[in-house]
Amino acid sequence: LLFAMGLGTTITFASSHWLLAWMGLEINTLAILPLMCQSHHPRAVEATIKYFLTQATAAAMLLFASITNAWITGQWNLEFMSYSLPTTLVTVALALKIGLAPLHAWMPEVLQGLDLTTGLILSTWQKLAPFCLLLQINPSNTSLLLILGLASTLVGGWGGLNQNQLRKILAYSSIAHLGWMILVLQFFPSLTLLTLFMYFVMTFSLFISFKVNNSTTINSLSMSWSKTPIISSMVPFILLSLGGLPPLSGFMPKWLILQELTKQSLAPLATLAALSALLSLYFYLRISYAMTLTMSPNTLLNALPWRLPSNQHTLPLAITT
Amino acid sequence: MLKILIPSMFMLLTTWTSPFKQLWSTILMYSFLVATLSLTWLAMPTDTGWFYINNYMAYDPLSSPLLVLTCWLLPLMIIASQNHLAVEPENRQRTYISLLISLQIFLILAFSATEMIMFYVMFEATLIPTLIIITRWGNQMERLNAGTYFLFYTLAGSLPLLVALLIYHSSMGSLSYLSLTSLPLTCSNLYANKLWWMACLLAFLVKMPLYGVHLWLPKAHVEAPIAGSMVLAAVLLKLGGYGMMRIMIILDPLTKELSYPFIILALWGVIMTGSICLRQTDLKSLIAYSSVSHMGLVAAGILIQTPWGFTGALILMIAHGLTSSALFCLANTNYERTHSRTIILARGLQMVLPLMATWWFLASLANLALPPLPNLMGEIMIITSLFNWSFYTLILTGLGTLITASYSLYMFLLTQRGPIPHHLILLEPSHTREHLLLALHLLPLLLLIAKPELVWGWTA
């Protein structure tokens with residue numbers, strides 16, 4: 001199954017024909033579906049179905065757009081999309097695939113239904129293939145991408161504010177970061193890649209640390225200082241880095257994106273995007289409060305849960321902080 | 001410069017590798033050494049030049065007093081924290097000291113930055129250790145709220161600053177201080193230019209803090225442990241003032257009219273926060289509001305943009321840093337004995353702790369700007385330059401000085417004079433450590449009477 005997933009993404013990477021790209025995306029989706037409903041919990045099955053429906057819709061839209069392009073221009077090559085209707089349609093389809101606002105509604109619920117490892121794969125690996133397609137097409141509609149990006153950052157910030165389930169928070173953080181990536185896509189694509197990889201690293205470490213603590217709600221995080229004290233002291237830095245605070249490395253993509261936006265005279269957009277990052281910072285801060293900054297001997301936030309033995313995968317975590 | 005920076009970085013290493021029994025004394029000696037070395041910065045052979053170290057760090061008569069203040073404060077913070085950290089496990093003590101040291105490193109880098117983006121990054125970077133100190137080692141439940149207010153007020157102000165700096169960079173090509181004087185942005189009266197002006201200054205006004213956006217300060221100061229309060233009051237507020245002074249150069253033609261509301265807000269804030277001080281029941285909150293009041297005067301002095309205004313602002317910043325920090329240490333001595341910040345619970349201390357009363361006396365006198373202390377010098381210069389700008393400010397500043405005097409005296413009389421309350425049965429005698437701490441705070445202040453040229457800046 002994992003091989004199939006890898007195969008799917010690689011096919012999409014290597015393709016320059018729309019049909020092949022579509023096939024890669026479909027293989028990817030189909031391969032992850034059994035992974036998602038492995039636990040046979042109704043929540044997981046529901047998440048799987050929602051994911052399947054949204055991804056299938058997106059893939060169908062993608063196919064439709066590429067056929068339209070082939071009909072108009074007569075060729076199937078990826079880089080040469082020159083008409084606005086197919087390009088816009090492709091952008092929207094890919095936005096649905098990765099979960100940009102306003103096409104983001106499936107993301108929190110799907111992530112909530114999965115366990116943390118599958119959720120990790122969903123947030124990181126699954127974003128690679130659509131992004132490589134997004135990078136290759138010529139966006140002819142500037143404002144569409146900007147609107148998608150700004151809406152995503154705002155939605156990602158506001159949506160995560162009232163959550164206490166960690167997976168939903170991670171979903172909203174994913175939406176917000178993808179928004180930042182899309183903002184700069186048409187100006188400076190390498191920055192998109194940079195943001196993508198920085199996001200991967202930070203999310204990976206966050207997911208793994210939550211997995212080690214075996215916690216899925218904010219409340220259950222507050223005992224992590226006794227289970228894994230070193231991780232507990234590292235996680236605030238990861239979270240604040242996701243929020244984009246200098247001098248942590250999460251600031252770098254945001255800084256460069258803002259620089260690029262101001263160079264393109266999009267200063268008000270830059271300000272709005274920067275301020276929306278504050279929204280998501282609020283819930284990152286809240287998580288770090290629960291986890292680290294209220295350690296004993298200050299008052300504890302919940303009673304002592306069962307301490308089950310857990311895998312100690314702490315080293316990769318320390319490296320990826 | 002590197003002589004100070006590299007040892008500071010290695011102090012982090014020392015924190016984690018010293019044997020535990022000698023941890024505090026080692027760190028104290030090390031930081032005193034660094035502080036003494038930093039005094040060499042004050043010796044300036046030329047009056048206006050920059051002292052280069054490399055492409056990224058330099059210092060001039062504006063930043064060197066602030067740098068020396070930062071370096072001087074680290075040993076003082078360590079002395080002050082020794083008591084309340086004694087009960088913590090070993091690793092937590094080391095972490096705390098590492099946070100203080102990393103804060104100092106960021107502050108040194110911030111004050112000596114030559115490029116505005118570097119200053120910005122370090123300005124933001126100081127937020128993280130301060131946040132961790134306040135929320136982890138603060139004492140009351142409201143500290144989480146305080147940390148949130150602190151972080152968000154400062155960030156909401158400084159993100160527009162980042163965008164504004166990037167705009168300036170994209171149109172002018174460079175953000176280095178050295179070339180800033182020759183590259184003012186063209187002044188046209190577009191609305192967007194006014195927004196840009198506002199964006200540049202907002203971060204520093206929030207950090208100062210200006211009266212309207214000062215809400216984070218009482219919360220943060222009150223909830224922070226003693227070292228946090230000290231560094232917040234003494235240095236972090238001055239980051240705002242320093243940044244404002246640096247960025248005024250490029251804001252020039254617009255500032256003539258645009259600064260009117262902020263000068264008035266600052267002066268009104270002096271009076272309002274002074275009046276709030278007269279009705280406070282919480283000692284640390286009183287000192288925090290007095291900080292807002294003094295920094296309001298500093299903000300007004302900087303926005304006036306005259307040489308005397310700048311000089312007065314700088315002197316008042318240094319003097320206020322030492323005074324406020326001393327007052328917080330005194331409040332902490334009360335807190336460590338009674339575990340409460342309420343003023344009326346610890347009255348009449350002159351009977352019980354007479355030598356501490358001396359320090360209270362000196363610190364209160366410094367707070368109300370008694371001549372010949374440098375506090376007065378700063379305030380007089382700012383008031384004079386404001387009077388030169390408009391006669392009517394004298395009403396506001398005069399009233400402000402009066403209220404400052406009254407609440408400083410109020411604080412002194414309430415804590416020291418009068419009968420001791422009946423419930424105070426057991427008060428530890430003053431430690432030598434505490435006397436040392438306060439002496440080290442007030443001694444530079446007294447010595448500055450003799451040679452104020454050290455902290456004049458480059459305009460007087």
Side-chain angles (χ1 to χ4, degrees), chain A residues 222 225 229-230 232-237 239-241 243-252 254-299 301, chain B residues 87-89 91-92 95 98 102 105-106 109-110 117-129 131-141 143-145 147-171 192 195-196 198-199 202:
Chain A
S222 55
W225 64 270
I230 301 189
S232 306
S233 44
M234 288 285 119
V235 163
F237 289 115
L239 284 166
L240 293 177
S241 177
L245 279 189
L248 302 166
S249 45
F251 175 63
M252 179 170 58
K254 290 211 163 67
W255 173 19
L256 293 171
I257 292 179
L258 286 176
Q259 189 171 26
E260 198 52 45
L261 286 177
T262 53
K263 275 194 204 153
Q264 304 282 340
S265 324
L266 284 171
L269 179 68
T271 320
L272 271 176
L275 290 174
S276 66
L278 280 182
L279 289 169
S280 35
L281 181 65
Y282 180 69
F283 51 81
Y284 296 140
L285 193 63
R286 208 169 45 182
I287 302 179
S288 63
Y289 278 165
M291 192 163 184
T292 316
L293 296 171
T294 48
M295 286 194 270
S296 104
N298 291 320
T299 52
L301 287 179
Chain B
V87 295
E88 302 248 353
N91 276 339
R92 303 241 176 107
T95 315
S98 317
S102 58
I105 297 176
F106 288 140
L109 285 171
I117 294 275
M118 166 102 159
F119 173 71
Y120 175 80
V121 173
M122 292 302 145
F123 178 79
E124 302 279 299
T126 57
L127 292 177
I128 298 185
L131 177 74
I132 300 182
I133 292 179
I134 295 180
T135 52
R136 170 68 189 89
W137 276 279
N139 284 317
Q140 274 77 31
M141 211 184 68
R143 69 189 194 277
L144 298 178
N145 203 8
T148 314
Y149 262 72
F150 168 64
L151 194 66
F152 278 88
Y153 263 75
T154 318
L155 278 179
S158 58
L159 282 172
L161 173 66
L162 181 60
V163 179
L165 286 179
L166 290 171
I167 294 177
Y168 187 77
H169 182 84
S170 64
S171 65
L195 278 181
W196 175 81
M198 190 60 222
L202 187 63

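Below, chains carry the letters A, B, ... as their sequence lines are ordered, and counting in each starts from 1.
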Report summary line: Heavy-atom nearest pair, B:A156 first then A:L278, reads CA-CD1, 3.6 Å

Report summary line: Between the CG atom in B:L144 and the CZ atom in A:R286, the distance rounded to the nearest 0.5 Å is 12.0 Å

**Report entry** Verdict with reasoning, A:L245 to B:L155, per side-chain contact (heavy atoms from CB on, under 4.5 Å)
**Finding:** CA-CA 9 Å; A:L245 279 189; B:L155 278 179; 3.5 Å; yes

Report summary line: B:P160 and A:L275 have their tightest heavy-atom pair at CD-CD2, 4.5 Å

Requested in this report: Measure distances from A:L258 to the heavy atoms of chain B and classify the residue's part below 4.5 Å as side chain, backbone, both or neither.
Outcome: both

Query - From B:I167 atom CD1 to A:L266 atom CG, the distance as rounded to the nearest 0.5 Å - result: 10.5 Å

Requested in this report: Could you give me the CA-CA distance, side-chain angles and deciding distance for B:L151 and A:Y282, then say whether side-chain contact (heavy atoms from CB on, under 4.5 Å) is met?
Outcome: CA-CA 9 Å; B:L151 194 66; A:Y282 180 69; over 6 Å; no

**Report entry** Heavy-atom contact with chain A under 4.5 Å, split by part of B:F123
**Finding:** neither

Query raised in the report: Do you know which of B:L162, B:V121, B:I128, B:L165 has the most heavy-atom pairs with chain A at a distance under 4.5 angstrom?
Result: B:I128

Query - Closest heavy-atom pair and its distance - A:L285, B:F152 - result: CD2-CE1, 3.8 Å

Report summary line: Residue from B:I117, B:L127, B:L195 scoring the most non-hydrogen pairs under 4.5 Å with chain A is B:I117

Query raised in the report: How long is the span from the CD1 atom in B:I132 to the CG atom in A:L240, to the nearest 0.5 Å?
Result: 7.0 Å

Query raised in the report: What is the distance from atom CG of A:L261 to atom OG of B:S170, rounded to the nearest 0.5 Å?
Result: 11.0 Å

